[in-house]
Peer 1: 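Let me begin by handing over the structure; questions about it come next.
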Amino acid sequence: LLRGGDSMYVFVDVTINPNNSNNPLMVEDSILFETNGNRQHVVLNAVGQDAYFHYYETLSCGEVWMNDKPHVIYGYAIIPPGCDLTVMPGTRVHLHKNAFLAADSAATLRVLGNSTSPVTFQGDRLEPDYAEEPGQWLFIWLSGGSVNNVIDWAVIKNASAGIRCDTTGASPNPVLTISNTKIRNMSFAGILGVECTSIDGYNLSISNCAQACVYAAYGGKYRFRHCSFGNYWSIDTRTTPAVVLNNWYKTADEVIIHRDLTQADFYNCILYGPLDTELGLDSAVTPGGQFHYFFSHCVIRTNIDTSDPLHFQQNYINADPAFTDAANSDLHINGNSSAIDRGDPNVSSSIPYDLDDHLRFVNGIPDIGAYEKQ
């Protein structure tokens with residue numbers, strides 16, 4: 001019995017029967033209410049999908065994730081030491097709130113998408129309101145000692161940090177080689193490198209992160225070629241530059257600890273956004289620790305001094321790259337872009353195709369950034 005002015009909540013639990021399908025299902029039903037002789041139908045809709053579920057799971061050695069059904073991670077899915085996980089083209093990976101995918105020590109993650117079937121990492125909320133909502137899951141965590149990780153042709157969106165990459169360990173190779181990948185809508189950073197990690201990236205579009213597109217923390221070794229870092233985060237105020245290079249931290253006892261930044265090279269890249277400077281050079285004020293960086297043929301928004309040829313050569317400072325729609329993470333360049341025909345062909349020769357899989361040498365000289373103007 002409900003009296004006038006009272007209310008009642010009705011919670012409905014829906015179970016979608018598995019059907020081995022890669023397509024979402026819509027289930028519809030209704031509830032019949034009778035109030036004072038008046039009958040009313042309330043229609044209920046629910047969306048569900050058959051999937052592979054990984055619930056606080058340590059994966060088997062040599063697992064291969066196929067694209068026949070999505071993979072959904074609750075809590076975590078961890079690649080154990082000495083093992084590898086291969087993610088095949090077209091696979092969709094959905095992560096629940098605070099979930100992450102991790103590679104343990106001596107483990108390897110291989111994300112092998114292609115230009116027509118990228119691998120997608122995103123949250124598990126399928127409603128349209130969540131399609132571009134940041135912070136829905138944690139990160140892909142390449143932990144200390146993981147080796148030879150590869151991410152190629154992927155879309156990584158709506159997390160806290162798209163990729164967290166930790167200490168290199170003993171491997172002479174990069175901890176991560178990442179290419180042909182779009183990272184967007186992060187509530188912290190697109191790529192977070194921590195304490196002497198090693199990352200080689202090319203053909204990357206990283207956009208709209210609450211702090212940095214790339215945050216190279218506590219030293220490390222980095223090389224980026226033909227990347228577009230466009231940070232036009234608008235949900236709240238951003239004060240961190242799009243790219244931050246750092247080689248120190250302070251302990252709880254206020255002691256400065258140095259970590260060598262042995263290399264941070266950027267070739268044919270765009271670093272842009274609305275701040276006065278989108279490049280943060282954060283070297284310790286106390287002596288010690290290497291801090292090596294170099295920018296060549298880049299479009300950079302900054303108010304710092306770029307006259308030192310040891311660090312800057314043939315860059316285009318505060319020259320608008322004219323992104324197509326940076327607010328919505330479209331970092332293609334328009335016809336009046338400062339990036340057109342200003343790339344270094346020697347760099348582009350080893351990366352002849354852009355992030356749309358189009359040839360770079362359309363007019364003989366490549367454009368700067370991830371995309372070639374067609």
Peer 1: Hey, does the side chain of His226 reach the backbone of Ala370 with a donor-acceptor pair shorter than 3.5 angstrom?
Peer 2: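 Looks like no, no N/O pair under 3.5 Å.
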
Peer 1: I'd like to check Leu261 versus Tyr222 (side-chain heavy atoms, cut-off strictly below 4.5 Å). Are they in contact?
Peer 2: yes

Peer 1: Indicate the atoms forming the closest heavy-atom contact of Tyr371 with Leu331, along with that distance.
Peer 2: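 So the two residues come closest at CD1-O, 3.4 Å.
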
Peer 1: Return yes if some donor-acceptor pair links the side-chain N/O of His297 with the main-chain N/O of Pro345 below 3.5 Å, else return no.
Peer 2: no

Peer 1: Side chains of Thr91 and Asn67: is there a donor and an acceptor less than 3.5 Å apart?
Peer 2: no

Peer 1: Quiz question: by atom type and distance under 3.5 Å, do the side chains of Ser179 and Asp152 form a donor-acceptor pair?
Peer 2: yes

Peer 1: Would a 4.5 Å heavy-atom cut-off, applied to side chains only, mark Leu112 and Val87 as touching?
Peer 2: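 Side chain of Leu112 against side chain of Val87, heavy atoms only: no contact under 4.5 Å found.
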
Peer 1: Side-chain contact test, heavy atoms from C-beta onward, threshold under 4.5 Å: evaluate it for Glu57 versus Ile78 and give yes or no.
Peer 2: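 Not in contact.
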
Peer 1: Would you mind telling me which of Pro352, Ser349, Pro366 makes a side chain to side chain contact (heavy atoms under 4.5 Å, CB included) with Arg360?
Peer 2: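 Among the candidates, only Pro366 passes.
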
Peer 1: I need the single residue from Ile140, Leu85, Val119, Ile178 that forms a side chain to side chain contact (heavy atoms under 4.5 Å, CB included) with Val111. Which is it?
Peer 2: Val119

Peer 1: Apply the side chain to side chain contact (heavy atoms under 4.5 Å, CB included) test between Thr277 and each candidate in Asn318, Asn303, Leu271; give the one that qualifies.
Peer 2: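 It is Asn303, the one option of Asn318, Asn303, Leu271 that forms the side chain to side chain contact (heavy atoms under 4.5 Å, CB included) with Thr277.
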
Peer 1: May I ask you to check whether Tyr76 and Tyr56 place their ring centers less than 6.0 Å from one another?
Peer 2: yes

Peer 1: Is the shortest heavy-atom distance from the side chain of Asn148 to the side chain of Arg110 under 4.5 Å?
Peer 2: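 A side-chain contact is absent here, since even the closest heavy-atom pair is not under 4.5 Å.
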
Peer 1: May I ask you to list the residues sharing a hydrophobic cluster with Ile351, side-chain cutoff 4.5 Å, ordered by chain and number?
Peer 2: Tyr202

Peer 1: Under 3.5 Å, is there a donor on one side chain and an acceptor on the other for Ser348 and Asn268?
Peer 2: yes

Peer 1: Using 30° and 60° as the class boundaries, would you call the ring planes of His54 and Trp65 parallel, tilted or perpendicular?
Peer 2: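 Geometry flag for Trp65 against His54: parallel rings.
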
Peer 1: How close do Ile333 and Pro321 get, counting heavy atoms only, and between which atoms?
Peer 2: CG2-O, 3.5 Å

Peer 1: To the nearest 0.5 Å, what is the distance between CD1 (Ile270) and CG (Asp367)?
Peer 2: 8.5 Å

Peer 1: What heavy-atom pair brings Val72 and Ala51 nearest, and what distance separates the two atoms?
Peer 2: CG2-CB, 3.8 Å

Peer 1: Looking only at non-hydrogen atoms, find the nearest pair between Gln290 and Asn247 and report the distance.
Peer 2: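 Shortest heavy-atom contact: O-ND2, 3.1 Å.
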
Peer 1: Using every non-hydrogen atom in the two residues, find where Glu133 and Asn158 come nearest and quote the distance to one decimal.
Peer 2: O-CB, 3.0 Å

Peer 1: Got a second to check how far Ile183's CD1 is from Cys209's SG, nearest 0.5 Å?
Peer 2: 8.0 Å

Peer 1: Test salt bridge (charged side-chain N to carboxylate O under 4.0 Å, His left out) on Lys157 and Glu132; report intermediate values, then the result.
Peer 2: CA-CA 7 Å; Lys157 65 177 188 172; Glu132 301 294 333; 3.4 Å; yes

Peer 1: Evaluate the side chain to side chain contact (heavy atoms under 4.5 Å, CB included) criterion for residues Ile304 and Leu279: first the C-alpha distance (whole Å), next the side-chain angles of each, then the deciding distance (0.1 Å), finally the verdict.
Peer 2: CA-CA 8 Å; Ile304 66 176; Leu279 172 59; 3.9 Å; yes

Peer 1: Checking Thr262 against Asp260: is there a side-chain donor and acceptor pair closer than 3.5 Å?
Peer 2: no

Peer 1: Look at the aromatic rings of Phe224 and Phe229 and report parallel, tilted or perpendicular, splitting at 30° and 60°.
Peer 2: perpendicular

Peer 1: Do Thr306 and His311 have side-chain N/O donor and acceptor atoms under 3.5 Å apart?
Peer 2: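 The answer is no; no qualifying pair exists.
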
Peer 1: So, is the end of the Arg342 side chain (NZ or CZ) under 6.0 Å from the ring centre of Tyr316 and within 45° of the ring's axis?
Peer 2: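 Yes, a cation-pi geometry holds between Arg342 and Tyr316.
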
Peer 1: What are the two closest heavy atoms between Ala159 and Leu138, and how far apart are they?
Peer 2: CB-O, 3.5 Å

Peer 1: Show me the pairs that pass salt bridge (Lys or Arg N to Asp or Glu O under 4.0 Å) and involve residues 307-321, at least two apart or across chains.
Peer 2: none

Peer 1: Judged by modelled atom types alone, do Ser329 and Asn208 share a side-chain donor-acceptor pair under 3.5 Å?
Peer 2: yes

Peer 1: Salt bridge or not between Arg223 and Asp200? Use side-chain N to carboxylate O under 4.0 Å.
Peer 2: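 Salt bridge present between Arg223 and Asp200.
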
Peer 1: For Asn185 and Trp233: C-alpha separation, side-chain torsions, deciding distance, then whether side chain to side chain donor-acceptor pair (under 3.5 Å) applies.
Peer 2: CA-CA 8 Å; Asn185 303 335; Trp233 174 267; over 6 Å; no

Peer 1: Verify whether one side chain among Trp248 and Asp282 offers a donor that lies under 3.5 Å from an acceptor in the other.
Peer 2: yes

Peer 1: Apply salt bridge (charged side-chain N to carboxylate O under 4.0 Å, His left out) to Glu278 and Arg301, showing your working.
Peer 2: CA-CA 6 Å; Glu278 295 292 358; Arg301 181 160 188 173; over 6 Å; no

Peer 1: Do Tyr232 and Phe323 have side-chain heavy atoms sitting under 4.5 Å apart?
Peer 2: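 The answer is yes, as the side chains (C-beta and beyond) meet within the 4.5 Å cut-off.
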
Peer 1: Among side-chain atoms of Asn203 and Asn180, is any donor-acceptor pair under 3.5 angstrom?
Peer 2: yes

Peer 1: Val244 vs Val214, test: side chain to side chain contact (heavy atoms under 4.5 Å, CB included). Steps then yes/no.
Peer 2: CA-CA 6 Å; Val244 177; Val214 173; over 6 Å; no

Peer 1: May I ask whether Trp141 and Leu176 are part of the same hydrophobic cluster, defined by side-chain heavy atoms of I, L, V, M, F, W, Y residues being less than 4.5 angstrom apart, directly or through others?
Peer 2: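 No: no chain of side-chain contacts under 4.5 Å links Trp141 to Leu176.
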
Peer 1: Compute whether any side-chain donor of one residue and acceptor of the other, for Asp325 and His332, lie under 3.5 angstrom apart.
Peer 2: no

Peer 1: Establish, from distance only, whether the side-chain atoms of Asn149 and Ser146 form a donor-acceptor pair under 3.5 Å.
Peer 2: yes

Peer 1: Going by atom type alone, with no hydrogens or angles, which donor-acceptor pairs under 3.5 Å involve a side-chain atom of residues 95-105 and a protein atom two or more places apart or on another chain?
Peer 2:
from: His96; atom 1: ND1; to: Asp124; atom 2: OD2; distance (Å): 2.6

Peer 1: Do the non-hydrogen side-chain atoms of Gln136 and Gln122 ever get within less than 4.5 Å of each other?
Peer 2: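 Sidechains of Gln122 and Gln136: no contact.
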
Peer 1: Can you spot which of Ile79, Thr108, Leu109 makes a side chain to side chain contact (heavy atoms under 4.5 Å, CB included) with Leu142?
Peer 2: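 Looking at Ile79, Thr108, Leu109, the match for Leu142 under the side chain to side chain contact (heavy atoms under 4.5 Å, CB included) is Leu109.
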
Peer 1: Could you give me the CA-CA distance, side-chain angles and deciding distance for His94 and Thr120, then say whether side chain to side chain donor-acceptor pair (under 3.5 Å) is met?
Peer 2: CA-CA 8 Å; His94 298 268; Thr120 302; over 6 Å; no

Peer 1: Count the heavy atoms belonging to other residues, nucleotides or ligands that lie under 6.0 Å from CZ of Phe361, then report whether that count exceeds 12.
Peer 2: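 Check passes, neighbour count above 12.
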
Peer 1: Under 4.0 Å between a Lys/Arg side-chain N and an Asp/Glu carboxylate O for Asp236 and Arg238?
Peer 2: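 No, no charged N to carboxylate O under 4.0 Å.
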
Peer 1: With the side chain counted from C-beta on, respond yes when Leu192 and Ile163 share a heavy-atom pair under 4.5 Å apart, and no when they do not.
Peer 2: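 With C-beta onward as the side chain, the pair stays apart.
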
Peer 1: If only side-chain N and O atoms count, and only distance matters, is there a donor-acceptor pair under 3.5 Å linking Asp253 with Thr251?
Peer 2: no

Peer 1: For Asp68 and Tyr52: C-alpha separation, side-chain torsions, deciding distance, then whether side chain to side chain contact (heavy atoms under 4.5 Å, CB included) applies.
Peer 2: CA-CA 10 Å; Asp68 55 327; Tyr52 298 104; 2.5 Å; yes

Peer 1: Measure the shortest side-chain to side-chain distance between Tyr293 and Phe312 over non-hydrogen atoms and say whether it is less than 4.5 angstrom.
Peer 2: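 Yes; the side chains approach each other to less than 4.5 Å.
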
Peer 1: Within a 6.0 Å radius of atom OH on Tyr353, are there more than 12 heavy atoms belonging to other residues, nucleotides or ligands?
Peer 2: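 At most 12 heavy atoms, drawn from other residues, nucleotides or ligands, come within 6.0 Å of this atom.
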
Peer 1: Run Tyr218 and Val194 through side chain to side chain contact (heavy atoms under 4.5 Å, CB included) and show every step you take.
Peer 2: CA-CA 6 Å; Tyr218 318 147; Val194 180; 4.0 Å; yes

